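Worksheet: the structure to be examined is printed underneath.
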Amino acid sequence: MIVAIDGPAGSGKSTIAREVAKCLGLRYLDTGAMYRTVTLIALRAGLVPDRIAETAALAAKSDLRFVDRTNDLTRAFIDGEEVTNTIREREVTKAVSPVSADAGVRELLTARQREEGSKGDVVLEGRDTGTVVFPDADVKIYLVASVEERARRRRAQLLRQGVDQSVEELAADIVARDAYDSGRAIAPLRKADDAVEIDTTGMTIRQVIEQVCGLIQAKRVDGARG
Ligand code: DC
C-alpha cells in the first residue's frame, strides 16, 4: 500500500505521516528531507543561486542516506556525515525552493522515491508525492492549515531543536515558500484531484491521525473485499 501525504510547509505532514506509518506498521519517507539534503550539497559547493543546474550531477555522486525514526525527524547523511539538524536550518530552508524547482534534482529524487515505494508499504510526505511520484497511490491526503497556525507549529518544532525564530519571520518564510513551491513549472505543489483535503487548523494531532488512519483502514478493507 502506498499512502501519499502532500501539503504546504508546516501543514503537519511530517508529524502526521510519521505517526500514521507507526500505528499502521508502514515505512515512512520524508521527501522534504531529501530535497533539503541536496540543497545543502548545492550550498556547500557554491551552486546557489547561479549554478543550481549543476546540483543533480553532484548529488548523484554523493552517498545520501535517510533513516526514519519513530519519534523524531528523519536523520539525513551525506557520505556518512550526519546533517539532520543542518538541513533544517534557515539557510537551507531559504534555498530549498529554488533548488527543488530544478528539473535534474527532481528527476534524481523522484527516481529514488519510486525505488523506495517499490519495496512495499510506505507513507510518503512532500509536495508532489500524490501527483507526480505516485499518481496511482492507494490513499492520497492533502493537508492544509492557516499560515499563522503553520508558523506557530514550525516555531515549536524549531524550539525543540534549539532554534529560536519569531512567528512573524517564520510566517513570511512560509508564504514565500508556498508561492515558490506552487508556482514552479515542474511538479508544483497542488492537490491531486482524487486526494482527500483535510484542514488541520484547530485540529489536534490526534484528531488528524485518527481521520487519516480511518481513511487508510477503509481502503484496506475495500482492497481485501476486492
Ligand atoms: O516539507 P519540507 O518543508 O521539509 O520541504 C522542504 C522543501 O522541499 C519544500 O519547500 C519544497 C521541497 N519539496 C519538494 O519540492 N517536493 C517534495 N516532494 C518535498 C519537498
Side-chain angles (χ1 to χ4, degrees), residues 2-18 28-43 48 52 55-56 59 64 66 68-69 72-76 83-117 122-135 137 140-145 147 150-151 153-158 161 163 165 170-192 195 200:
I2 293 191
V3 178
I5 303 184
D6 290 310
S11 56
K13 299 183 303 293
S14 299
T15 309
I16 302 304
R18 197 173 56 229
Y28 159 58
L29 190 65
D30 174 356
T31 65
M34 300 170 99
Y35 284 98
R36 287 172 178 275
T37 302
V38 167
T39 300
L40 181 60
I41 290 176
L43 281 168
V48 183
I52 287 176
T55 305
L64 309 183
F66 303 94
D68 58 326
R69 295 187 281 195
D72 210 341
L73 296 169
T74 295
R75 295 176 74 186
V83 293
T84 306
N85 290 335
T86 316
I87 62 166
R88 281 140 181 140
E89 282 172 4
R90 193 164 185 219
E91 200 195 354
V92 173
T93 302
K94 282 180 107 58
V96 70
S97 283
V99 172
S100 59
D102 177 76
V105 169
R106 299 215 74 82
E107 200 179 314
L108 179 79
L109 294 184
T110 299
R112 174 107 189 230
Q113 290 154 17
R114 287 185 180 142
E115 204 180 290
E116 284 297 319
V122 67
V123 180
L124 295 105
E125 55 110 339
R127 302 294 186 287
D128 64 339
T129 66
T131 51
V132 173
V133 185
F134 287 107
K140 296 184 192 178
I141 311 286
Y142 192 74
L143 295 182
V144 295
V147 170
R150 291 191 277 141
R153 288 178 189 161
R154 206 46 138 198
R155 178 170 156 77
Q157 185 189 57
L158 286 171
Q161 294 170 240
V163 180
Q165 235 181 293
L170 288 165
D173 285 358
I174 281 175
V175 169
R177 211 138 59 90
D178 280 0
Y180 211 125
D181 294 345
S182 323
R184 70 182 174 218
I186 311 165
L189 166 68
R190 71 167 181 86
K191 176 184 167 298
T200 67

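Each ligand, and each atom within it, is numbered from 1 in the order the structure gives. In this text, all values refer to a predicted model and were calculated from it rather than measured experimentally. Numbers here simply count residues along the sequence, with the first being 1.
To the nearest 0.5 Å, atom CZ of residue R36 and atom OG1 of residue T31 are 10.5 Å apart. In this structure, T15 OG1 and R153 CZ are separated by 8.0 Å, a value rounded to the nearest 0.5 Å. To the nearest 0.5 Å, the span separating CG on L124 from CZ on R114 amounts to 11.0 Å.
Those atoms of ligand 1 that come under 4.0 Å of a heavy atom in R154, given as number and element, are 3 (O). In the vicinity of G32, heavy-atom distances shorter than 4.0 Å reach the ligand 1 atoms 4 (O), 5 (O), 19 (C), 20 (C). The contact set between ligand 1 and S100, taken as ligand atoms under 4.0 Å from a residue heavy atom, comprises 11 (C), 12 (C), 15 (O).
Considering backbone and side-chain N/O of D181, one or more are found under 3.5 Å from N/O of ligand 1. Checked against a 3.5 angstrom limit, the closest N/O atoms of D128 and ligand 1 fall inside it. Checked against a 3.5 angstrom limit, the closest N/O atoms of R106 and ligand 1 fall inside it.
In Q113, neither the side chain nor the backbone holds a heavy atom less than 4.0 Å from any atom of ligand 1. At a 4.0 Å heavy-atom cut-off, ligand 1 touches R127 through backbone and side chain alike.
The closest donor-acceptor contact from the side chain of R88 to the backbone of T84 lies under 3.5 Å. Although no hydrogens or angles enter the test, the distance criterion places a donor-acceptor pair under 3.5 Å between the side chain of K13 and the main chain of P8. Judged purely by atom type and a 3.5 angstrom limit, R155 uses its side chain to pair as donor or acceptor with the backbone of Q165.
Looking only at heavy atoms of the protein, atom 4 (O) of ligand 1 is closest to R36 NE, 2.7 Å. The nearest heavy-atom contact from the protein to atom 19 (C) of ligand 1 is T31 OG1, 3.3 Å.
Under a 4.0 Å N-O distance rule, the pair R150/D178 qualifies as a salt bridge. Under the 4.0 Å criterion applied to side-chain N and carboxylate O atoms, D173 and R90 are assigned as salt-bridge partners.
Residue nearest to atom 6 (C) of ligand 1, selected from R177, M34, R88, R184: R177 (by heavy-atom distance).
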